[in-house]
Structure formats: structure tokens, C-alpha cells
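Here is the structure we will look at, set down as C-alpha cells.
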Amino acid sequence: MMKYTKEELSLIWLDSFVGLEYKHKIQIYEYLTKSQKISDGLMLAKDYIVKSVGENEFSTMLNSAKQSYLDYVLDELGRREIVAITIKSKDYPHKLNDIELKPLVLYAKGNLKLLQTKTFAIVGSRKSLPLSISIAKDYASTLSKHFTLVTGIAEGVDSEVIKSALSTTKNIISVIAGGFDNIYPSTNKDLFERVCKEGLALSEHPPMITPRPYHFPIRNRIIAGLSKGVLIVSAGKKSGTLYTAEYACEYSKDLFAVPYSVGVASGEGTNDLIKRGAILTDNVNDILEFYSLDSNDELEDLSQAEKDILKALSSGATHIEKLSMELNKSTYELMATLSILEIKGVIVKSGNVYGLVRNYSED
């Protein structure tokens, strides 16, 4: 079983009372720090608790101020292989210390070392166009080689970011809105389990909590708070994704947004962000260059035959017959390599014409 300090145990115990508002937990914790025993601290806080939440709640807490109840809470976490990271824990991410209403406890499952790495968030609307999904997948594949990516667990952009990161570096943190026992959407439960095994999953709620609508926008403050920068891939005019953008601005994070054509509903929010000062991002290199990162690192993962094709396509989309003549290879020889590049998401095909998803250069 995970070992916790006295301060950590007090916070874990206090956070188990899910009906308490954040402001009350903060105040009660101050009383708990003044005593060696939780029960003694509660007696110091009695007047405040009764006045704030009532006599019944105080009685419930006092009756639970015993080792057997705390053991039960810890056993439930241990059974699920969940680690509780409190504001007094050494693993608590320092990036969250300066945000408003920082989580008193983060429930974590997976690679805790990812909390101490460089992080970058990619989020987008659940109702994203196929092109937006492709952009999210493409950007995530590249950016996960430079950052640990942070996102949610929704269908659409979140899912593609997770899958892309897991298939490349496994540098992924998924922050969910409810407890670990109640993944929403349920269709992503298997994907969530992969994150727990290969990346890191986080929640500010004990495992049994069912996500409520208001949990999602509040959760987004953690995504923004953890990250050096935030990319909004897609967002309608009233998309919940915009909460993450607002938190990013509030916390002075670097905000990037993908531009959309006029009339595309799922891009109205991102276009508005760009009007208000977000960095227009129509190529992953816009982000890499902003942070002075090498955009050509990923070329090391390509074969020479793949690099030759990319170089030939760098001047524009090309018919396979012309590509064949330029590279002095038969179309039959090229097909296998072209298919691999398609699978990697590096090129796209329209009929017999091939083009780059983004620009590559070895210079």
C-alpha cells in the first residue's frame, strides 16, 4: 500500500467528503493542521462546520474521524491502483500551484513522472470535422516527441490525440471530469485503460464520482494549468472547449488556434480566438518554431525511400506517374512506400495524386 504523510492523509480523508464545497475543505484543512488527530482538528472547526454546512454534516465527519474509515478510503484507492497526490505531496505538479482553486487532491493512475515533464495541451470539439481529427492526429504525433501532451477523454479530438501519443512516445496525460469508476463517454473506457497502463490518467474526484455537466468546464482549468501552451484544434461558438482557452488566457499560457474557412460552424470559436490574439496555427511548425524546437527531428524515423518521396512532393501534389519518372522507380515499387506514408499520416491521396499533409525539409 502507498505510504502517505500525516498531512497527505488529512487531505485524502477530507477530500472523501464529496458533498463539501471547495471553500469549506480549504478552511477545514487549516483547522486540521493545528492538531495531531483529525478528530481534534474537527472539534476546533466545529463552529465553522456547523455554521457552514450544518450539524448533521459535522456529526458525519466526526463519526468518520477514525482509523478504520481512513483505512477503508486508502484500501479503495489501493484496490484500484490509484495514487492520491495532494497539495502536500512531492509529486504534486508545481504548474498548478498558481492557478485559482487548485485541486487539493489529484487521483492518478499511470506514469507519475510525466507530471514533471514539459507539457502541452491539445483539445477540440467532440463535433469536429474529419479534417480536424486528422489535424489533431498529425500534430499530436509530432508534438508528443517534444512534450507530454495533455487532453481530456472525449470522442473526437481528445481520442485522436491520445491514440497518436500512445502509438509514438506514450507521452500523454488524460484529465477526466469524473471519477475513475465512471468514464465518460463509456465507449472510451478501453482507451482510458490504455492511458492508465502506458501514460497517465488524472482526476480531481474520488473514483466513485459520476461526472456531472458542470464538472467538464471546471476540469478544463487543470488541462490549461498543467500545460505550457494550449492548442485549440476546433471549437464552435459555444463549445465547451473554449473554457480551456479562457483558462489558458487567465493563466498566461501560450494559446494557439487552428483557422477555419468562413461558414464552418466547428471553427467559429477558433477563428474568434485568433481575432482576439491566439496564434494562428495552420502548420505544426508554427508551434515548434514558437518554442525554438527542431521540426526535422521526426525525419530520423523515416527510411531513405520515404524521405526521397517527401522531397519530391515538397514542391506540390504530384501524380504517381510523374513521381515515378522523377525518382526513376516503377509505380509498383513506389506503391508500398506511399502506402506506409499514408498510414503514418504524412501524405494524402486523391485518386493517383499524392500530396504532403504538411511541409517537410531536410535543410
Side-chain angles (χ1 to χ4, degrees), residues 120-145 147 149-168 172-175 177 184-185 187-188 191 195 216-217 219-220 223-224 227 229-248 253-288 290 295 298 317 341-350 355-359:
F120 186 90
I122 305 179
V123 294
S125 170
R126 290 179 292 108
K127 300 177 181 179
S128 295
L129 297 172
L131 175 61
S132 303
I133 301 298
S134 177
I135 289 172
K137 179 180 179 181
D138 181 44
Y139 282 30
S141 177
T142 299
L143 292 174
S144 69
K145 297 173 183 177
F147 300 95
L149 302 183
V150 185
T151 192
I153 193 68
E155 295 174 328
V157 169
D158 292 5
S159 298
E160 289 306 315
V161 169
I162 291 171
K163 292 174 186 176
S164 188
L166 288 176
S167 67
T168 52
I172 184 71
I173 296 174
S174 174
V175 187
Y184 182 87
T187 51
N188 272 353
L191 183 60
V195 173
F216 292 88
R219 177 276 313 270
N220 292 350
I223 293 177
S227 307
V230 175
L231 170 65
I232 308 297
V233 173
S234 61
K237 190 173 292 185
K238 297 183 179 180
S239 172
T241 302
L242 295 178
Y243 283 103
T244 311
E246 294 300 326
Y247 283 121
K253 306 291 186 174
D254 305 317
L255 182 61
F256 304 82
V258 174
Y260 282 76
S261 300
V262 175
V264 179
S266 61
E268 291 180 346
T270 60
N271 285 349
D272 185 57
L273 290 174
I274 293 169
K275 291 177 186 177
R276 293 161 51 196
I279 300 168
L280 188 153
T281 310
D282 60 4
N283 189 300
V284 71
N285 288 336
D286 294 330
I287 299 172
L288 297 177
F290 183 88
S295 61
E298 58 194 290
L341 289 172
E342 277 191 273
I343 293 172
K344 289 182 176 180
V346 177
I347 65 173
V348 291
K349 175 185 177 184
S350 178
L356 297 178
V357 171
R358 59 182 180 276
N359 292 325

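Residues: numbered from 1 along the sequence shown.
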Non-hydrogen atoms of [X] and [Y] that approach each other most closely:
X: T241; Y: S125; answer: OG1-N, 3.5 Å
X: A235; Y: L242; answer: CB-CD2, 3.8 Å
X: D158; Y: G124; answer: OD1-N, 4.1 Å
X: T168; Y: S141; answer: CG2-OG, 3.7 Å
X: A257; Y: L231; answer: N-CD1, 4.1 Å
X: S144; Y: L149; answer: CB-CD1, 3.9 Å

In Å and rounded to the nearest 0.5 Å, what is the [atom1] to [atom2] distance from [X] to [Y]?
X: D138; Y: I133; atom1: CG; atom2: CD1; result: 13.0 Å
X: L129; Y: L131; atom1: CG; atom2: CG; result: 7.0 Å
X: I223; Y: I122; atom1: CD1; atom2: CD1; result: 11.5 Å
X: K127; Y: E155; atom1: NZ; atom2: CD; result: 12.0 Å
X: N285; Y: T142; atom1: CG; atom2: OG1; result: 8.0 Å
X: N188; Y: I162; atom1: CG; atom2: CD1; result: 7.0 Å

What's the verdict on side-chain contact (heavy atoms from CB on, under 4.5 Å) for V157 and T151, showing C-alpha distance, side-chain angles and the deciding distance?
CA-CA 9 Å; V157 169; T151 192; 5.5 Å; no
side-chain contact (heavy atoms from CB on, under 4.5 Å) evaluation trace for V233 with S128
CA-CA 9 Å; V233 173; S128 295; 5.8 Å; no
Whether T244 side chain and A224 backbone form a donor-acceptor pair below 3.5 Å:
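Side chain of T244 to backbone of A224: no pair is present.
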Please check if the side chain of S159 supplies one atom and the backbone of A154 the other of a donor-acceptor pair under 3.5 Å.
yes
Flag yes if more than 12 heavy atoms outside K237 fall under 6.0 Å of its NZ atom; otherwise flag no.
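Result for NZ/K237: open.
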Between F256 and F120, how do the two ring planes meet: parallel, tilted or perpendicular, split at 30° and 60°?
tilted
Heavy atoms, side chains only, cut-off 4.5 Å: are V230 and D254 in contact?
no
Side chains of Y139 and T281, heavy atoms from C-beta outward: is any pair under 4.5 Å?
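In contact.
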Donor-acceptor pairs under 3.5 Å, side chain of residues 266-273 to any protein atom, not counting sequence neighbours: which ones?
from, atom 1, to, atom 2, distance (Å)
T270, OG1, V258, O, 2.9
T270, OG1, G267, O, 2.9
N271, OD1, Y260, N, 2.9
N271, ND2, Y260, O, 3.0
D272, OD2, R276, NH1, 3.4

